[in-house]
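Numbering starts at 1 and runs along the sequence shown.
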Amino acid sequence: QVQLVESGGGLVQPGGSLRLSCAASGSIFSINAMGWYRQAPGKERELVAAISSISSGGRINYADSVKGRFTISRDNAKNTVYLQMSSLKPEDTAVYYCNADVLSHGSSQYVDYWGKGTLVTVSS
């Protein structure tokens with residue numbers, strides 16, 4: 001009843017920038033945390049950045065590898081989370097997945113939802 005759709009992935013040169021978007025839709029009552037994860041071939045999925053709801057303090061966490069280069073933000077009116085990526089490096093190449101902790105209408109529990117992912121390739 002809830003789906004997350006990522007967009008904005010693609011090919012970019014080292015040092016370039018890219019902006020990812022993730023829109024949640026469906027029977028949504030509220031969303032707590034939203035975040036971005038990534039997974040490179042042969043590696044485990046890792047947290048890139050996460051942001052909690054305003055009611056939860058609006059806390060933001062970044063992986064050490066992206067601090068100072070990536071910025072996460074959200075638009076609650078649009079149920080959308082963004083990831084602005086700059087100074088991209090080849091090691092940033094991965095499939096980026098959107099995650100959201102969602103409370104649906106008529107439900108009493110939050111449930112984690114995942115997008116299908118968008119590929120980011122950083123190469124010359």
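- With contacts defined as side-chain heavy-atom distances shorter than 4.5 Å, the pair V95/R38 does not qualify.
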What do the steps show when you test M85 against Y96 for side-chain contact (heavy atoms from CB on, under 4.5 Å), and what is the final call?
-> CA-CA 12 Å; M85 305 182 292; Y96 284 70; 4.0 Å; yes
Please lay out, stage by stage, how T80 and C22 fare under the test side-chain contact (heavy atoms from CB on, under 4.5 Å).
-> CA-CA 5 Å; T80 299; C22 172; 5.6 Å; no
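- Contact annotation: the side chain of S123 approaches that of L11 to within less than 4.5 Å [non-hydrogen atoms, C-beta and beyond].
- Atom CD in Q3 sits 9.0 Å away from atom CD1 in I28 (nearest 0.5 Å).
- Between A24 and L4, the shortest heavy-atom distance links the atoms CB-CD1, 4.0 Å.
- If you take OG1 on T93 and CG on L119, they are separated by 8.0 Å, rounding to the nearest 0.5 Å.
- Between K67 and D64 there is a salt bridge, since at least one side-chain N of the basic residue sits less than 4.0 Å from a carboxylate O of the acidic one.
- Separation of atoms CD1 (I51) and CD1 (I60) is listed at 4.0 Å; rounding is to 0.5 Å.
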Quick one: do Q84 and S17 satisfy side-chain contact (heavy atoms from CB on, under 4.5 Å)? Show the steps, please.
-> CA-CA 8 Å; Q84 178 64 51; S17 299; 4.0 Å; yes
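- Listed for the Y62 side chain is a donor-acceptor partner under 3.5 Å among the backbone atoms of I72.
- Between D92 and V120, every side-chain heavy-atom pair lies at or beyond the 4.5 Å cut-off.
- Within a 6.0 Å sphere centred on CD of E91, heavy atoms belonging to other residues, nucleotides or ligands number more than 12.
- Here the straight-line distance linking atom OG of S52 with atom CZ of R59 works out to 6.0 Å at 0.5 Å rounding.
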Between S124 and Q13, is a side chain to side chain donor-acceptor pair (under 3.5 Å) present by the stated rule, with each step listed?
-> CA-CA 5 Å; S124 297; Q13 295 184 356; over 6 Å; no
Would you check, one step at a time, whether the test side-chain contact (heavy atoms from CB on, under 4.5 Å) holds for F70 with V48?
-> CA-CA 9 Å; F70 291 10; V48 177; 3.7 Å; yes
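- D101 places none of its side-chain heavy atoms less than 4.5 Å from the side chain of V111.
- Using a 4.5 Å heavy-atom cutoff, the side chains of P14 and P90 are in contact.
- A continuous path of hydrophobic side-chain contacts links L47 to Y97 [ILVMFWY only; heavy atoms under 4.5 Å].
- At a threshold of 4.5 Å between side-chain heavy atoms, the hydrophobic network of Ile, Leu, Val, Met, Phe, Trp and Tyr places V2 and W114 in two separate groups.
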Begin from the C-alpha positions of N32 and S56 and carry the test side chain to side chain donor-acceptor pair (under 3.5 Å) through to its verdict.
-> CA-CA 7 Å; N32 190 1; S56 295; 3.1 Å; yes
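- With contacts defined as side-chain heavy-atom distances shorter than 4.5 Å, the pair S53/R74 qualifies.
- Judged purely by atom type and a 3.5 angstrom limit, Q39 has no side-chain atom pairing as donor or acceptor with the backbone of A94.
- Cluster annotation: W36 and V12 are assigned to the same hydrophobic cluster (Ile/Leu/Val/Met/Phe/Trp/Tyr, side-chain heavy-atom contacts under 4.5 Å, transitive).
- Counting heavy atoms from C-beta outward, R19 and Y82 have side chains that approach closer than 4.5 Å.
- Contact of the L20 side chain with the T118 side chain is registered, since non-hydrogen atoms from C-beta on lie closer than 4.5 Å.
- Between the E6 side chain and the G117 main chain, a donor and an acceptor come within less than 3.5 Å of each other.
- Here the NZ-OG distance, from K89 to S65, works out to 8.0 Å after rounding to the nearest 0.5 Å.
- Between S104 and Y113 the shortest heavy-atom distance is OG-OH, 4.0 Å.
- Between S87 and R69, the shortest heavy-atom contact is O-NH1, 3.0 Å.
- Using a 4.5 Å cut-off between side-chain heavy atoms of Ile, Leu, Val, Met, Phe, Trp and Tyr, with links allowed through other members, Y37 and L83 fall into different hydrophobic clusters.
- Linking ILVMFWY side-chain heavy atoms closer than 4.5 Å, directly or via other members, places V81 and V66 in a single hydrophobic cluster.
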